[in-house]
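Computed from a predicted structure; not experimentally measured.
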Amino acid sequence: MLTVGLATCTASAQLSDTEQRIAATVKQRAPQALELLERSVRINSGTLNTEGVRAVGAVFRAELDALGFTTRWAEMPPDMKRGGHLVASHAGGQGKRILLLGHLDTVFEKDSQVVPWERRGDRVRGQGVSDMKGGDVIVIEALRALKSTGALDQANIEIIFTGDEERTGSPREKARADMVQLAKRADYALSFEGNDRYQGQDTAVIARRSSGAWRLTVHGRPGHSSGVFSAHGGYGAIYEGARILNAFREQLIEPNLTFNVGVVLGGTQVGYSDDTASGTAFGKTNVIARDFETRGDMRYLTTEQGERVKRRMREIVAASLPGANATIEFRDGYPPMPPTDAGRNLLQQYSQVSQDAGFGPVREIDPALRGAGDVQFVAPYTTGIDGLGAAGNGAHTDDEDLEIASIERGTIRAALLIYRLTRP
C-alpha cells in the first residue's frame with residue numbers, strides 16, 4: 001500500500017492545482033460516465049440504421065448543449081442514405097484551436113445478433129463499446145471536467161461526431177465537407193478511436209495508411225478446353241487473372257503496403273453485386289473461361305507510394321497472356337496520413353500528460369497495425385493524432401469489448417491535453 005501511495009503522490013506532484021481538480025472530477029464521475037456509455041450503446045446505430053445514428057447523436061448533443069456548446073445536425077443528401085453528423089463548437093478567446101473527432105455509427109447493423117450490452121466484471125461486451133462510443137464518452141466527460149473547473153470557459157473547441165465512419169457515404173467530398181471545413185481552422189485535431197495496447201504499453205497514432213479499392217476484370221477467348229494454351233485457344237480469363245494476382249504478390253510487396261484480394265469469380269459468365277458483396281459464376285470444365293473478376297482493397301502510407309504501386313499494377317495487367325485482355329480500376333477512399341514531425345511532437349505532449357498523470361508513456365504505433373479512420377481526412381489541413389479513446393478487444397467482431405477503467409484513463413489524458421493546449 002505504501003508503494004501505491006507514493007506513486008500517487010509522485011503523479012500528483014506533476015500536475016498543477018487546476019489539473020489535479022480536473023483529474024479528481026473525472027474520477028468522481030466514473031459511474032456516470034459508464035451510464036452514459038451504456039445509454040448510447042443500447043441504441044443500435046449501424047451505419048445504415050440512420051434513425052439509430054440520429055438517436056445516438058441526440059444523446060450526445062444534449063450533453064454538449066448542457067456544457068455550453070453550440071450544436072447543429074449536419075444533414076446528408078437523401079440519396080446518400082446516411083444519418084448525418086453532429087457538429088458542436090465552443091468559442092473561447094485563448095490558446096490553440098482544437099478539433100475533436102468521433103463517430104456515432106458502428107459496424108453492427110439493425111439486424112445484428114450481437115448482444116447490445118453485457119457487463120463482465122471489469123469489462124463490457126457490446127455493439128461499438130470500444131469502436132467507438134467509448135471514445136465519444138471520453139470526449140464528453142473530458143469537456144465536462146474542464147467545464148467544472150472553469151478551464152473550458154475560454155477554450156476554442158470544435159467537435160464533429162460523424163454518422164458514417166464505418167461505411168462512408170458517397171461522394172466522400174460531400175460526406176466529409178463539414179469535417180474538412182472544421183480542420184482548416186484548427187491548430188490540432190484529436191481523434192478518439194480505440195486505444196491499442198502493444199507489447200504492454202499504451203499507444204497512439206500519428207500515421208495511418210490509406211484505404212481504397214481496386215477491381216480487376218479479365219476477358220478471355222471462349223472455346224473448347226482441348227484448345228487451351230494453343231495459338232487459337234489462348235489461356236482463358238482465369239489463367240490470366242491468376243497470372244496477374246500472382247505477379248502482384250511476387251513483385252509488389254513492400255513495407256506499409258497491402259493489396260488484399262477479397263473475392264474472385266471466374267467462368268463462362270460471372271456477376272457481382274456491390275450491394276450484397278456477393279456474386280455468381282457459371283462455367284464448365286471443358287470450356288475455356290471467358291470471364292474473370294476480382295475485387296480487393298489497397299492500403300499505402302504516402303501518396304507517392306500509392307501512385308508508384310498503381311502504375312506498376314497497371315503495367316502488370318497490360319502484359320496479357322495470349323487470348324486474354326484485362327483492365328484494372330482503382331477507387332480511392334481514405335487518403336493516406338504519413339507521419340510528420342508536428343504529429344510526433346503532439347504525441348510527445350500527450351505522452352507527457354500521461355506520465356504526469358501517473359499512467360506511463362504513450363508510444364507511437366506502427367501504422368501497419370491500424371486500419372483507416374476519419375483523422376485522415378483532416379491530416380492535410382492540421383496536425384492530428386488518433387487512438388485516444390477507450391481500450392478494448394475484438395473491434396468489429398461479435399466479441400468486441402472494452403476495459404471499463406480505460407474510460408477514466410482516457411478522459412483524464414484527454415482533459416489534461418486539451419487544457420494544456422488551450423492555455424494562453
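- No side-chain N or O of Arg299 forms a donor-acceptor pair with one of Thr258 less than 3.5 Å apart.
- Between Val129 and Glu400 the shortest side-chain heavy-atom distance falls below 4.5 Å.
- Taking the charged nitrogens against the carboxylate oxygens, Arg215 and Glu293 do have a contact shorter than 4.0 Å, which makes a salt bridge.
- Using a cut-off of 4.0 Å between Lys/Arg side-chain N and Asp/Glu carboxylate O, Arg120 and Asp401 are scored as not salt-bridged.
- Of the listed residues (Gln127, Lys133, Lys110, Glu51), just one forms a side-chain hydrogen bond (donor to acceptor under 3.5 Å, both in side chains) with Ser45, and that residue is Lys133.
- Around CZ of Arg423, the count of heavy atoms belonging to other residues, nucleotides or ligands within 6.0 Å does not exceed 12.
- Remark: the Gln251 side chain and the Arg312 side chain contain an N/O donor-acceptor pair separated by less than 3.5 Å.
- Partner of Glu75 under the salt bridge (Lys or Arg N to Asp or Glu O under 4.0 Å) criterion, out of Arg54, Lys174, Arg82: Arg54 alone.
- No more than 12 heavy atoms of other residues, nucleotides or ligands shown are found within 6.0 angstrom of CZ on Arg167.
- At a threshold of 4.5 Å between non-hydrogen side-chain atoms, the residues Phe161 and Val139 count as touching.
- A heavy-atom distance below 4.5 Å is not found between the side chains of Leu64 and His90.
- Residues Val375 and Val205 have side chains not in contact (no heavy-atom distance under 4.5 Å, counting atoms from C-beta outward).
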